[in-house]
Amino acid sequence: MTSPTLYLFGSAAPPLFDVAGVIEAAQADGWDVCLGLTPTAARWLDVSIDGLAALTGHPVRSDHALPGEPDAWPEADVVLFAPATFNTLNSWALGLTRNFVVGVVAEGIGRNIPTVAVPCVSAAYAQHRQFDRSVAELREQGVTVLYGEGGFVPAPPGAEAPVDYPWDAALAAVKHRAGRV
């Protein structure tokens with residue numbers, strides 16, 4: 001029996017630097033993990049990409065395959081997009097699929113792939129009206145967005161990057177959405 005496949009996608013936000021530990025935790029729970037990154041996130045992790053590919057056993061992707069190229073990943077059973085930045089969440093909710101990972105999750109809604117998103121935004125960005133609209137839109141389309149109590153809560157303006165990013169809650173939500181509880 002093969003392990004269920006988790007697509008772990010990340011944007012360029014400080015919790016991204018914890019991704020190796022998150023991959024290991026997901027693997028310990030029986031997931032086959034494929035890592036996808038926004039282009040900026042891929043630049044942030046550039047020196048770690050080969051190691052992350054070795055850890056997952058799959059290429060780390062941040063760009064679309066070329067026409068006719070076979071897919072290097074197995075089909076997703078569930079997707080976790082964390083951290084998801086202001087730009088990523090708004091692009092996804094609006095259907096603006098300029099980059100690979102946003103395109104996959106936007107299409108995933110139409111393919112009924114269970115998806116969990118955990119934002120990582122500053123309190124200043126969270127005050128922008130479009131952010132709440134985007135969170136509501138994604139939730140209406142069936143995406144579990146862990147924002148607010150029990151999920152991500154922005155630090156006050158000017159505060160340091162989040163220390164207690166809810167990775168455990170994210171992995172628990174993935175397990176629940178995939179029916180593995």
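The structure displayed is predicted, hence computed values, not measured ones.
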Does any non-hydrogen side-chain atom of [Y] lie less than 4.5 Å from one of [X]?
X: Pro119; Y: Pro83; value: no
X: His58; Y: Leu35; value: no
X: Val33; Y: Gln27; value: yes
X: Val116; Y: Val79; value: no
X: Glu107; Y: Thr97; value: no

Carboxylate-amine/guanidinium contact Arg177 Asp77, below 4.0 Å: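 Salt bridge flag = no for Asp77 with Arg177.
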Note: Glu140-Arg133 ion pair, threshold 4.0 Å (strictly below):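 Looking at Glu140 and Arg133, the cut-off is not met.
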To the nearest 0.5 Å, tell me how far [X] [atom1] sits from [Y] [atom2].
X: Ser122; Y: Gln127; atom1: OG; atom2: CD; value: 9.0 Å
X: Leu45; Y: Leu16; atom1: CG; atom2: CG; value: 4.0 Å
X: Glu24; Y: Asp18; atom1: CD; atom2: CG; value: 11.5 Å
X: Phe100; Y: Arg61; atom1: CZ; atom2: CZ; value: 3.5 Å
X: Asp32; Y: Thr2; atom1: CG; atom2: OG1; value: 8.0 Å
X: Ser62; Y: Phe9; atom1: OG; atom2: CZ; value: 11.0 Å

Worked verdict on Thr144 versus Thr115 for side-chain contact (heavy atoms from CB on, under 4.5 Å): CA-CA 6 Å; Thr144 299; Thr115 303; over 6 Å; no
ILVMFWY cluster, Val22 and Phe17 together (side-chain gap under 4.5 Å):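 Yes, one cluster joins them.
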Is a donor on one side and an acceptor on the other found under 3.5 Å between the side chain of [X] and the backbone of [Y]?
X: Arg139; Y: Val145; value: yes
X: Glu137; Y: Asp132; value: no
X: Arg180; Y: Val174; value: no
X: Tyr165; Y: Val118; value: yes

Short side-chain donor-acceptor distance under 3.5 Å, His64 and Asn99: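 Checked: Asn99/His64 side chains show no N/O donor-acceptor pair below 3.5 Å.
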Exercise: do Ser134 and Asn90 side chains pair donor with acceptor under 3.5 Å: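 Ser134 vs Asn90: donor-acceptor pair found between side chains.
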Closest non-hydrogen atom pair, [X] against [Y]:
X: Ala126; Y: Val121; result: CB-CG2, 4.1 Å
X: Leu146; Y: Ala173; result: CD1-CB, 4.0 Å
X: Pro166; Y: Gly151; result: CG-C, 3.6 Å
X: Ser11; Y: Ala41; result: C-CB, 3.6 Å
X: Leu171; Y: Ala25; result: CD1-CB, 3.9 Å

More than 12 heavy atoms of other groups within 6.0 Å of Asp168 CG: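 No, not enclosed.
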More than 12 heavy atoms from other groups under 6.0 Å of NE2 on His176: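 Atom NE2 in His176 is not packed in, count stays at 12 or less.
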Evaluation steps, side-chain hydrogen bond (donor to acceptor under 3.5 Å, both in side chains), between Thr88 and Thr85: CA-CA 5 Å; Thr88 295; Thr85 60; 3.1 Å; yes
Chi angles and distances behind the side-chain contact (heavy atoms from CB on, under 4.5 Å) call for Trp73, Thr5: CA-CA 9 Å; Trp73 291 354; Thr5 301; over 6 Å; no
Side chain to side chain contact (heavy atoms under 4.5 Å, CB included) partner of Trp31, the single match among Leu8, Val78, Thr56, Ile23: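 Option passing the side chain to side chain contact (heavy atoms under 4.5 Å, CB included) with Trp31: Val78.
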Stepwise side-chain contact (heavy atoms from CB on, under 4.5 Å) test for Ile49 and Leu37: CA-CA 10 Å; Ile49 294 292; Leu37 303 168; 3.8 Å; yes
Sub-6.0 Å ring centroid separation between Phe131 and Tyr147: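 Centroid separation for Phe131 and Tyr147: below 6.0 Å.
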Test ring pair (Phe, Tyr, Trp, His ring centres under 6.0 Å) applied to Phe86 and Tyr125, Phe152, Trp92, the passing residue: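 For Phe86, the ring pair (Phe, Tyr, Trp, His ring centres under 6.0 Å) check succeeds only for Tyr125.
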Working for side-chain contact (heavy atoms from CB on, under 4.5 Å), residues Val102 and Leu96: CA-CA 8 Å; Val102 174; Leu96 305 174; over 6 Å; no
